[in-house]
Amino acid sequence: MPIKHEGAARNGAMIAVRELHKAIADQEILRGVELDVPVGETLVIIGRSGGGKSVLLKHLIGLMQPDTGEIWVAGKNIIGMTERQLTAIRQKVGILFQSGALFDSMTVEENIAFPLREAGMRDGNAMRASVNEVLEVVELEGENAKMPESLSGGMRKRVGLARAIIRRPSCVLYDEPTSGLDPVVSDSINL
């Protein structure tokens with residue numbers, strides 16, 4: 001039976017997690033996670049490799065479903081939502097995955113524009129203008145036509161960041177955004 005913590009979800013938290021449990025095979029990954037992320041706050045989750053940080057982030061945008069518990073995003077419990085319902089939530093929450101998670105068969109521009117196309121944008125000029133704007137933000141102007149395999153690790157992460165912010169989400173989740181990067185590139189991602 002789900003636990004009802006609607007008051008906690010409505011206390012100004014962008015994200016509220018209650019009693020979250022997840023096991024994969026015989027391994028218990030998340031054990032009763034409780035978390036509140038107020039609107040406008042920055043929160044860092046630190047833990048050892050394999051400790052469940054990435055699994056938690058995937059739960060926060062509905063890519064994984066917990067065994068038990070609740071996840072509230074912008075005042076809505078996302079557990080059990082359909083993909084269509086999750087689309088509205090994902091408009092509010094961008095995510096930068098560890099490796100950037102770029103599509104190998106798409107150019108930089110196509111990768112960044114992907115969330116816009118998924119949201120139904122069809123105006124190519126408006127899409128291109130939005131892509132160019134975020135490429136400038138991540139200091140990759142003019143790299144639109146490159147393919148992911150021709151990008152350095154830092155460039156891939158910045159393209160992933162551009163894709164995560166192109167729809168101007170209220171919240172951005174970063175999964176180890178600076179791991180394996182040099183200090184200069186890390187500083188540019190930590191804007």
Side-chain angles (χ1 to χ4, degrees), residues 1-103 106 110-122 127 130 134 157 160-177 179:
M1 180 101 159
I3 302 165
K4 295 294 177 195
H5 290 286
E6 294 181 43
R10 293 185 191 150
N11 68 0
M14 177 65 192
I15 297 173
V17 177
R18 300 290 173 256
E19 285 296 315
L20 197 66
H21 291 264
K22 180 65 176 183
I24 299 174
D26 292 337
Q27 174 108 20
E28 192 176 31
I29 308 295
L30 303 176
R31 298 178 201 107
V33 174
E34 295 274 336
L35 177 68
D36 285 303
V37 183
V39 173
E41 291 289 319
T42 298
L43 174 75
V44 177
I45 299 171
I46 298 172
R48 65 178 172 74
S49 181
K53 299 177 303 291
S54 297
V55 170
L56 175 61
L57 291 179
K58 288 176 184 175
H59 278 79
L60 298 181
I61 59 169
L63 290 177
M64 294 181 80
Q65 290 292 310
D67 297 330
T68 61
E70 294 183 347
I71 302 167
W72 294 80
V73 177
K76 296 190 185 323
N77 188 348
I78 68 166
I79 304 303
M81 281 187 169
T82 65
E83 277 300 310
R84 180 178 221 145
Q85 292 167 321
L86 284 168
T87 298
I89 296 299
R90 291 175 183 151
Q91 289 176 17
K92 298 173 185 174
V93 180
I95 187 163
L96 173 58
F97 293 99
Q98 281 183 33
S99 63
L102 302 180
F103 298 108
M106 294 182 181
E110 292 166 336
N111 264 285
I112 296 170
F114 184 79
L116 299 176
R117 283 193 308 278
E118 286 293 300
M121 183 183 269
R122 299 291 175 249
M127 214 176 319
S130 293
V134 296
K157 290 241 181 164
L161 176 59
R163 186 176 60 198
I165 64 172
I166 194 158
R167 293 190 64 199
R168 300 191 183 341
S170 303
C171 174
V172 181
L173 306 173
Y174 300 90
D175 193 355
E176 298 189 30
S179 65

To the nearest 0.5 Å, what is the distance between [atom1] ([X]) and [atom2] ([Y])?
X	Y	atom1	atom2	value
L35	L20	CG	CG	9.5 Å
L96	L173	CG	CG	10.0 Å
T68	H21	OG1	NE2	4.5 Å
M127	M121	CE	CE	6.5 Å
I95	R163	CD1	CZ	10.5 Å
L102	N111	CG	CG	4.5 Å

Does some side-chain heavy atom of [Y] sit less than 4.5 Å from a side-chain heavy atom of [X]?
X	Y	answer
V39	S170	no
V93	L60	no
K157	L161	no
M64	L30	no
K76	M81	yes

Going by side-chain contact (heavy atoms from CB on, under 4.5 Å), name the residues that satisfy it together with [X], two or more places apart in sequence or in a different chain.
X	result
E41	P38
E118	F114
L63	K58, I61, R90, F97
V134	I112, A162, I165, I166

Main-chain N/O of [Y] paired with [X] side-chain donor or acceptor, under 3.5 Å:
X	Y	value
K53	I45	no
K92	C171	no
R122	R117	yes
E34	E19	yes
D36	A13	no

What is the minimum heavy-atom distance between G62 and I78, and which atoms define it? N-CD1, 3.9 Å

If you take all heavy atoms of A164 and P169, which pair is closest and at what distance? O-CG, 3.4 Å

For R84, salt bridge (charged side-chain N to carboxylate O under 4.0 Å, His left out) partners two or more places apart: none

Holding to salt bridge (charged side-chain N to carboxylate O under 4.0 Å, His left out), I want the full list of residues that pass it with R31, two or more places apart in sequence or in another chain.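 For R31, the residues satisfying salt bridge (charged side-chain N to carboxylate O under 4.0 Å, His left out) (neighbours in sequence not counted) are E28.
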
